[in-house]
Amino acid sequence: MHIPDPKALLGSAAAAFLAQPHKLLIGKDWVESRSGETLDVVDPATGKLIAQVQSADAADADLAVAAARVAFESGPWSLMTAAERGKYLWRLADILSSHAEELAQIESLDTGRPVFECQIVDVPGSVNMLQYMAGWAGKINGETMNVSMPGDFHTYTIREPIGVVAIIVPWNYPLELAVWRMAPALAAGCTVILKPAEQTPLSTIRLGQLVQEAGFPPGVINVLTGYGESVGAALSAHMDVDAISFTGSTATGKLVAQAAVASNLKRVFLELGGKSPAIVLEDADLDIAIPGVAGGIFFSAGQVCTASSRLFVHEKIFDKVVSGIANIARGLKLGHGLDPQTRLGPLVSSEQLTRVRGYLEQGRADGVEMLAGGNHVGGDGYFVEATVMANVSASMSVYREEIFGPVLCAMPFSGDIEEAARLANDTIYGLHASIWTQNLRNAHLLARRVKSGNVCINTHNFFDPAFPMGGYKQSGWGRAAGFAAIEHYTEMKGVVARL
Ligand code: NAD
């Protein structure tokens, strides 16, 4: 695989950003970490250093929380009209749109993901969410109710912003996840602290600069780059943070929830891991199902929380479906994310490469059949081939655990939709699922039986600002889109007046 010099592929705006110092945004200022520590950011396609950013810790968290507190309590944000807040969100959406190519390139370079993905998903998805939540800002209403207490009472509710929200996101979709989490909190009137993953801090720093260009009052949006174990843990346990929004692995989500409860019982929103099933019934339209399932697992090299990592196919069409997906896997063009032709980029980090290789080796030792891929390629880059495994059994770690790589486990089934539902639900997770069939009755009956936050019929990885997204079981607490996302960031106050 030829890896071109990424500098030759980077536009002038993204290159200029990369050349700047990368600091923390606290209040109105870009500052260095109190400790003076920095952390290295590498290009996953080459393993080479591309930038250094500040490594914040608890002392920086204190400053950012204080800035967010002032902006919430006495700053203009919580005091301005909701409609005015909506205008800020819309203005930021416009600014993101006008920097679309630059943001896509920064995201692609930092995550390793193909730039075409960032162009069609990350940037437009961020813009759509800001615009959608801008519309909600002025529509967050209370209610009146008819109470049964004797006497004359006027009772009503008010939805008030919860306060200061810390937002911790992972490395797969740093910009889009930061925006998806902050937009409902800001629409509700909260102020936020963004903490990107240590592997991929760059687009969040650029977002902070664009937030300033949009004219947000100081302290409404703060950016802390740094390690999860230090600054992430400090935010989770902080006594003056009112809510925490965490997106990441289930194991870390449990630590965050424990810290949140043990400190000040802050409200916790969790979007966690998955091992999502794709179920292909006997009557599926295979021209749709085969590329659909392949896209569901190989997009972003499988580093998607909702990836279709477990495939259940009716035994009569099993061979045809898995060989079709294996053909697609072999045809995906591996390369540097910034190359517009690339369809499979590297994994995000050497740690993630080691982890995924460990699963491939374990799968081989357990006796899986590799129908495609199964290897690390590309020298110093963190590339793994698109992999299709058959002869998988339910006790294997490749089947049970979230691999977060381009690895599909395929299994035939012989029974009816009850059997398909039993297999799909045989997991600790419950984030996403897809059903591929031309039979509407079976599609909707099965959709009821599958225990997951989303069920897609004849599609996979469906995300929209209006469509709830979130997990059953150990995939999380709460929903990340629609009005449900705003509710997390509000307190409902009941008011009663004796008349
Ligand atoms: P991770 O849990 O290791 O890290 C996520 C974030 O948590 C990072 O910012 C990290 O710095 C921070 N963190 C680490 N330790 C912490 C601690 N002790 N306290 C506070 N913060 C801490 O996850 P990851 O490996 O970066 O991301 C992959 C995981 O994210 C997968 O499990 C994936 O399914 C999940 N994910 C879920 C969704 C969703 O919407 N459900 C979306 C994307 C990714």
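Note that ligands are numbered from 1 as they come in the structure, with each ligand's atoms numbered from 1 the same way. Atoms considered below: every heavy atom in the structure, side chains included; atoms not considered: hydrogens, waters and symmetry mates.
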* Structure fact -> shortest atom 13 (N) of ligand 1-to-protein heavy-atom contact is with G228 CA, 3.3 Å
* Classify the side-chain pair Q352/Q303 by whether it contains a donor and acceptor separated by less than 3.5 Å. => no
* Asked: Do NZ/NE/NH1/NH2 and the carboxylate oxygens of R267 and E491 come within less than 4.0 Å?
  -> yes
* For ligand 1, note which part of L272 has a heavy atom under 4.0 Å away: side chain, backbone, both or neither. => backbone
* Is the distance between the ring centroids of F17 and H22 under 6.0 Å? -> yes
* Structure fact -> The closest protein heavy-atom partner of atom 31 (C) of ligand 1 is E402 OE1, 3.3 Å
* To do: Would you mind running through ligand 1 and noting each atom that sits below 4.0 Å from a heavy atom of V256?
  => 19 (N), 20 (C)
* Asked: Side chains of T247 and Y173: do they bring a donor and an acceptor to under 3.5 Å?
  -> no
* Which bit of R181 is near ligand 1, meaning a heavy atom under 4.0 Å away: side chain, backbone, both or neither? -> side chain
* **Side-chain donor-acceptor contact under 3.5 Å, T306 with N461** => yes
* **atom 42 (C) of ligand 1 - nearest protein heavy atom and its distance** => C305 SG, 3.1 Å
* Structure fact -> In ligand 1, the atoms that come under 4.0 Å of a heavy atom of T247 are 5 (C), 37 (C), 38 (C), 39 (C), 40 (O), 42 (C), 43 (C)
* Should you measure from each heavy atom of G232, which atoms of ligand 1 turn up under 4.0 Å away? -> 19 (N), 20 (C), 21 (N)
* Asked: Do any non-hydrogen protein atoms sit less than 4.0 Å from atom 23 (O) of ligand 1?
  -> yes
* Structural part of I168 in contact with ligand 1, heavy atom criterion under 4.0 angstrom -> side chain
* Does any N or O atom in Y227 lie less than 3.5 angstrom from one in ligand 1, N or O only? -> no
* Got a salt bridge between D426 and R400, using NZ or NE/NH1/NH2 to carboxylate O under 4.0 Å? -> yes
* For S249, is at least one N or O under 3.5 Å away from an N or O on ligand 1? -> yes
* Asked: Counting only heavy atoms, which portion of V304 has something under 4.0 Å from ligand 1: side chain, backbone, both, or neither?
  -> neither
* Tell me which part of S236 gets within contact of ligand 1: side chain, backbone, both or neither, using heavy atoms under 4.0 Å. => side chain
* Residue, atom name and distance, where the atom is the protein heavy atom closest to atom 43 (C) of ligand 1 -> N172 ND2, 3.2 Å
* Between H460 and S434, do the side chains contain an N or O donor and an N or O acceptor separated by less than 3.5 Å? -> yes
* May I ask you to list the atoms of ligand 1 that are less than 4.0 angstrom from any heavy atom of A197? => 8 (C), 9 (O)
* Does some side-chain heavy atom of L18 sit less than 4.5 Å from a side-chain heavy atom of L109? -> yes
* So, Q212 and K28: side-chain donor and acceptor under 3.5 Å apart, yes or no? -> no
* Is M469 touching ligand 1 with its side chain, its backbone, both, or neither, if touching means heavy atoms under 4.0 Å apart? -> side chain
* How far is atom 16 (C) of ligand 1 from its nearest protein heavy atom, and which residue and atom is that? -> T252 CG2, 3.3 Å
* Heavy-atom distances under 4.0 Å are what count here, so tell me which part of F246 touches ligand 1: side chain, backbone, both or neither. => side chain
* Could you tell me the residue and atom name of the protein heavy atom closest to atom 8 (C) of ligand 1, and the distance to it rounded to 0.1 Å? => V169 O, 3.5 Å
* Just which atoms of ligand 1 are under 4.0 Å from any heavy atom in E198? -> 10 (C), 11 (O)
* Asked: In the protein, which heavy atom is nearest to atom 28 (C) of ligand 1, and how far is it?
  -> F404 CE2, 3.6 Å
* Min N/O separation S475 to ligand 1 under 3.5 Å -> no
* Charged N to carboxylate O under 4.0 angstrom, D240 versus R69? -> yes
* **salt_bridge(E117, R343) N-O dist < 4.0 Å** => no
* Do R113 and S108 meet the criterion of a side-chain donor-acceptor pair at a distance under 3.5 Å? -> no
* Are the aromatic rings of W136 and F483 close, with centres under 6.0 Å apart? -> yes
* Protein heavy atom at shortest distance from atom 35 (C) of ligand 1 -> G248 O, 3.1 Å
* When you check the gap from the basic side-chain N to the acidic O, do D339 and K333 get nearer than 4.0 Å? -> yes
* Please work out whether any backbone atom (N, CA, C, O) or any side-chain heavy atom from C-beta onward of L177 is under 4.0 Å from ligand 1, and answer side chain, backbone, both or neither. => side chain
* Asked: Any side-chain donor paired with an acceptor under 3.5 Å for H238 and N264?
  -> no
* Return yes when H432 approaches ligand 1 closer than 4.0 angstrom through a heavy atom, no otherwise. => no
